[in-house]
There are 2 protein chains.
Amino acid sequence: MASAPTPPVSAVKITDVAAAAGVAPMTVSRVLNTPERVSPGTAERVRAAIDALGYVPNLIAGGLSSRRSRMIAAIVPTIASPMFAEPVQSFTDAMGRAGYHVMLALSGYGEADEATLIRAVLARRPDGLLLTGARRSPEASRLLATARVPVVEIWDTAEQPTDMLVGFDHEEVGREVAAYFRAQGHTQFAFLGASDIRATARGRGFAQGGLAAQATVKAPGTIVEARQAFRAMARKLTSRTALFASSDLIAFGVLTEARAMGISVPDQLAVCGFGDFELSRGASPAITTVHVDGIAMGVLAAEHLVARLAGRAEGHAHRALVPFRIVERDTT
Amino acid sequence: MASAPTPPVSAVKITDVAAAAGVAPMTVSRVLNTPERVSPGTAERVRAAIDALGYVPNLIAGGLSSRRSRMIAAIVPTIASPMFAEPVQSFTDAMGRAGYHVMLALSGYGEADEATLIRAVLARRPDGLLLTGARRSPEASRLLATARVPVVEIWDTAEQPTDMLVGFDHEEVGREVAAYFRAQGHTQFAFLGASDIRATARGRGFAQGGLAAQATVKAPGTIVEARQAFRAMARKLTSRTALFASSDLIAFGVLTEARAMGISVPDQLAVCGFGDFELSRGASPAITTVHVDGIAMGVLAAEHLVARLAGRAEGHAHRALVPFRIVERDTT
DNA sequence: TTGTAAGCGTTATCAT
DNA sequence: ATGATAACGCTTACAA
């Protein structure tokens with residue numbers, strides 16, 4: 001379709017620098033990649049030539065030659081939520097420190113064509129992959145297997161991760177929240193959550209731990225939807241209820257609506273969110289929530305990947321669990 | 001540092017497919033890139049071979065050869081804010097439909113070493129660049145100039161964009177908000193804002209339009225900081241005040257604190273935010289805010305870039321303004 | 001410490 | 001419509 005007239009992107013190449021510095025191209029390459037193997041004097045001359053010419057190495061050529069792209073592809077559903085933004089940000093930083101660029105691809109929810117995305121991404125020959133969740137379609141698994149690329153999956157656990165995994169058990173989160181509520185003397189439980197696979201797992205764990213979850217409503221992903229859903233749900237909530245929301249946004253919606261309805265928190269209604277977004281700390285009342293260390297998740301994922309890429313995979317387990325904790329605030 | 005033993009990423013290459021299909025490599029390449037130039041029968045055989053072998057084309061080799069990476073690099077300060085997440089998401093989608101991958105790089109605020117990041121990104125030879133804001137350091141400008149890569153800058157305006165630009169005037173936003181407040185009979189103004197360059201510009205415009213902005217407080221970026229800042233500021237606010245916050249998060253902090261202090265909204269205090277985040281619609285009272293069409297910004301940026309890459313840059317202006325509007329809700 | 005030669009896997013270009 | 005050949009800009013492997 002597009003047919004640009006092949007413009008010279010950056011005329012300056014390694015041979016130009018080599019000529020200017022009076023050395024062989026290979027020496028320029030060494031100055032850039034293994035400076036310790038070049039004499040200081042030569043290195044200085046080469047660097048001067050690089051600066052003078054404004055040389056920017058072509059990593060695409062280097063990658064083809066070395067068969068290492070020094071690039072990691074990360075696939076996440078969305079960056080619009082702090083849920084993924086945080087680990088992605090820290091993963092990117094950590095990989096950057098190790099000399100890798102991270103290429104971010106957005107999949108949206110619905111694993112319909114995750115395989116297609118993975119395929120597209122593999123075409124760029126990343127040295128490694130960061131994936132969200134631990135459920136892969138058979139097609140995706142096949143692709144990953146034949147590509148033989150190190151893979152880290154985050155945000156979830158699974159019996160059989162594709163390769164490495166850094167996450168936590170969402171059902172366990174639900175169970176812990178239920179246990180926390182029970183310890184507070186609650187006997188009536190409700191769950192309000194989004195329909196994505198991990199939110200559902202948290203709801204399932206909560207129902208197990210809560211023994212008698214009186215109400216489980218699904219679907220809302222936004223504050224406004226949560227308010228509507230809670231308004232509908234509230235009618236059935238006759239006595240003191242402990243509600244677990246699948247995200248802080250939903251918890252906030254519930255609390256906003258509860259205030260409008262004159263329901264007292266935490267006396268008549270106790271609420272626990274998930275994610276520990278800034279909103280939960282900043283809102284009044286401050287929202288009790290489950291904190292997951294997203295930064296640590298990103299850093300850990302990077303460490304695993306870097307270890308593998310450096311060939312020292314032995315020291316690292318293939319599965320790492322990221323801790324979570326309930327942050328008790330005003331709504332419980 | 002890392003020295004992996006050069007593993008065969010995906011053994012299958014174009015010559016393998018060609019051999020399996022009984023054609024020349026070039027024919028396989030044509031099936032993939034210009035199928036209309038291959039006879040249906042041959043194409044079918046080739047595709048069968050591709051599927052059978054699980055061939056994933058090596059775009060890194062293709063890019064070196066064709067000098068087109070089919071990749072766009074996007075540099076944004078952060079994805080943790082919906083401010084940037086939205087246009088980035090829509091830009092990515094739109095470029096994807098045009099056959100380009102978007103590689104996202106996070107710069108953080110502070111243009112300290114933006115040039116370094118740009119340099120790193122240019123090493124991958126992107127076909128185009130998406131940058132945030134319109135202020136480039138001399139070093140960055142030099143890099144971009146010598147790279148001769150199409151550049152779109154978003155989120156701002158400038159007299160001299162680097163190349164193409166899709167944004168809006170932040171001072172004008174401030175002036176419009178001031179005008180809106182004045183039309184409502186306000187005479188006392190305050191601004192509470194983050195210290196980044198665009199927030200500052202909105203505050204400047206607001207001060208111009210408000211004639212007598214009584215208080216301008218800077219720094220807060222989070223809800224909690226905004227609450228503290230407002231509490232300090234509130235003492236000086238003796239009469240009915242119209243406050244413009246540099247983001248909806250800050251507006252929310254102000255409103256939360258105002259409620260705690262017993263300040264009635266919008267009677268004693270009118271508040272307008274910026275960004276039209278989900279929170280503003282979902283909160284109670286719903287927050288009046290400035291809506292900027294981030295989706296449109298991303299799509300427009302993509303259109304400009306695609307047009308340029310397709311060689312038909314003439315039809316498009318180099319500057320496009322994205323509309324913004326005040327969304328009137330309960331806090332004014 | 002530095003250089004030479006031979007690819008890396010694909011596509012542009014020119015033939016057929 | 002298909003093929004042969006020569007790059008693309010760099011790095012690996014080996015030599016000096």
Side-chain angles (χ1 to χ4, degrees), chain A residues 2-19 21-46 49-50 53 55-71 122-125 127 147, chain B residues 2-19 21-46 49-50 53 55-71 122-125 127 147:
Chain A
S3 60
T6 310
V9 177
S10 172
V12 185
K13 47 189 137 190
I14 203 170
T15 50
D16 300 323
V17 175
V23 298
M26 197 50 226
T27 300
V28 178
S29 173
R30 287 195 185 98
V31 170
L32 260 15
N33 302 310
T34 53
E36 68 278 9
R37 294 188 199 172
V38 180
S39 77
T42 312
E44 189 137 353
R45 257 187 308 139
V46 170
I50 288 176
L53 299 179
Y55 172 60
V56 176
N58 185 334
L59 251 43
I60 216 165
L64 178 59
S65 181
S66 67
R67 286 129 154 274
R68 308 175 67 245
S69 61
R70 292 208 153 282
M71 187 219 91
L122 286 177
R124 305 230 171 241
R125 297 297 187 266
D127 290 340
Chain B
S3 60
T6 310
V9 178
S10 172
V12 185
K13 48 189 139 189
I14 203 170
T15 49
D16 300 324
V17 176
V23 298
M26 197 52 226
T27 300
V28 177
S29 174
R30 286 197 184 97
V31 170
L32 259 16
N33 301 308
T34 52
E36 68 277 10
R37 295 189 198 171
V38 180
S39 78
T42 311
E44 188 138 352
R45 256 188 308 140
V46 170
I50 288 175
L53 299 180
Y55 171 62
V56 177
N58 185 334
L59 252 44
I60 217 165
L64 178 59
S65 181
S66 67
R67 288 134 153 276
R68 306 176 70 247
S69 61
R70 290 209 153 283
M71 187 222 91
L122 286 177
R124 306 231 171 240
R125 297 298 187 266
D127 290 340

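Letters A, B, ... mirror the listed sequences (proteins, then strands); counts begin at 1. Computed from a prediction, not measured in an experiment: that's the story for all the values here.
- Taking side-chain N and O atoms only, Ser29(A) has no distance below 4.0 Å to OP1 or OP2 of dC10(D).
- At least one side-chain nitrogen or oxygen of Arg67(A) sits closer than 4.0 Å to the OP1 or OP2 atom of dG9(C).
- The interatomic distance linking Leu59(B) (CG) with dC8(C) (C1') rounds to 15 Å, in whole Å.
- Note: CE (Met26(B)) to P (dA6(D)) measures 16 Å, nearest angstrom.
- Contact between the side-chain N/O atoms of Asn58(B) and the OP1/OP2 oxygens of dC8(C) is not found at any separation under 4.0 Å.
- The nearest heavy atom of DNA chain D to Arg45(B) and to Gly63(A) marks one nucleotide each, and the one closer to the 5' end goes with Arg45(B).
- Per the geometry, CG belonging to Leu32(B) stands 12 Å off C1' belonging to dT11(C), to the nearest Å.
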Would you please test Arg70(A) and Leu59(A) for side chain to side chain contact (heavy atoms under 4.5 Å, CB included) and show each step?
CA-CA 9 Å; Arg70(A) 292 208 153 282; Leu59(A) 251 43; 5.6 Å; no

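- Across all non-hydrogen atoms, the minimal contact from Ser69(B) to Arg124(A) is O-NH1, 2.7 Å.
- For dG3(C), its base sits under 3.5 Å from the side chain of Arg30(A) at one donor and acceptor pair at least.
- Residue Thr27(B) has no polar side-chain atom (N or O) positioned under 4.0 Å from OP1 or OP2 of dT2(D).
- Residue Ala24(B) is classed as a sugar-phosphate contact, given heavy-atom separations below 4.0 Å to backbone atoms only.
- With hydrogens and angles left out, the side chain of Ser65(A) and the base of dG7(C) share a donor-acceptor pair within 3.5 Å.
- Nearest-nucleotide positions on DNA chain C place Ser39(A) closer to the 5' end than the other of Ser39(A) and Pro57(B).
- Asn58(A) places none of its side-chain heavy atoms less than 4.5 Å from the side chain of Lys13(A).
- Inter-residue side-chain proximity for Val46(B) and Val38(B) is flagged as unmet; no heavy-atom pair is nearer than 4.5 Å.
- Distance Glu36(B) CD to dT2(D) C1': 15 Å, rounded to the nearest Å.
- Contact annotation: Tyr55(B) does not reach the phosphate of dG9(C) (side-chain N/O to OP1 or OP2, under 4.0 Å).
- The side chain of Leu64(B) lies closest to dG9(D), out of dG9(D), dT13(C), dT10(C).
- Arg70(A) has its CZ atom 14 Å from the C1' atom of dC10(D), to the nearest Å.
- One finds no side-chain N or O of Thr42(B) lying less than 4.0 angstrom from the OP1 or OP2 phosphate oxygen of dA1(D).
- At whole-Å resolution of the value, CZ in Arg37(B) and C1' in dT13(C) are 12 Å apart.
- Atom-to-atom, CD1 of Ile14(B) to P of dT5(D) comes out at 17 Å; the value is rounded to the nearest Å.
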Test side chain to side chain contact (heavy atoms under 4.5 Å, CB included) applied to Ile60(A) and Leu64(A), step by step:
CA-CA 6 Å; Ile60(A) 216 165; Leu64(A) 178 59; over 6 Å; no

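- Atom-to-atom, CZ of Arg68(B) to P of dA7(D) comes out at 22 Å; the value is rounded to the nearest Å.
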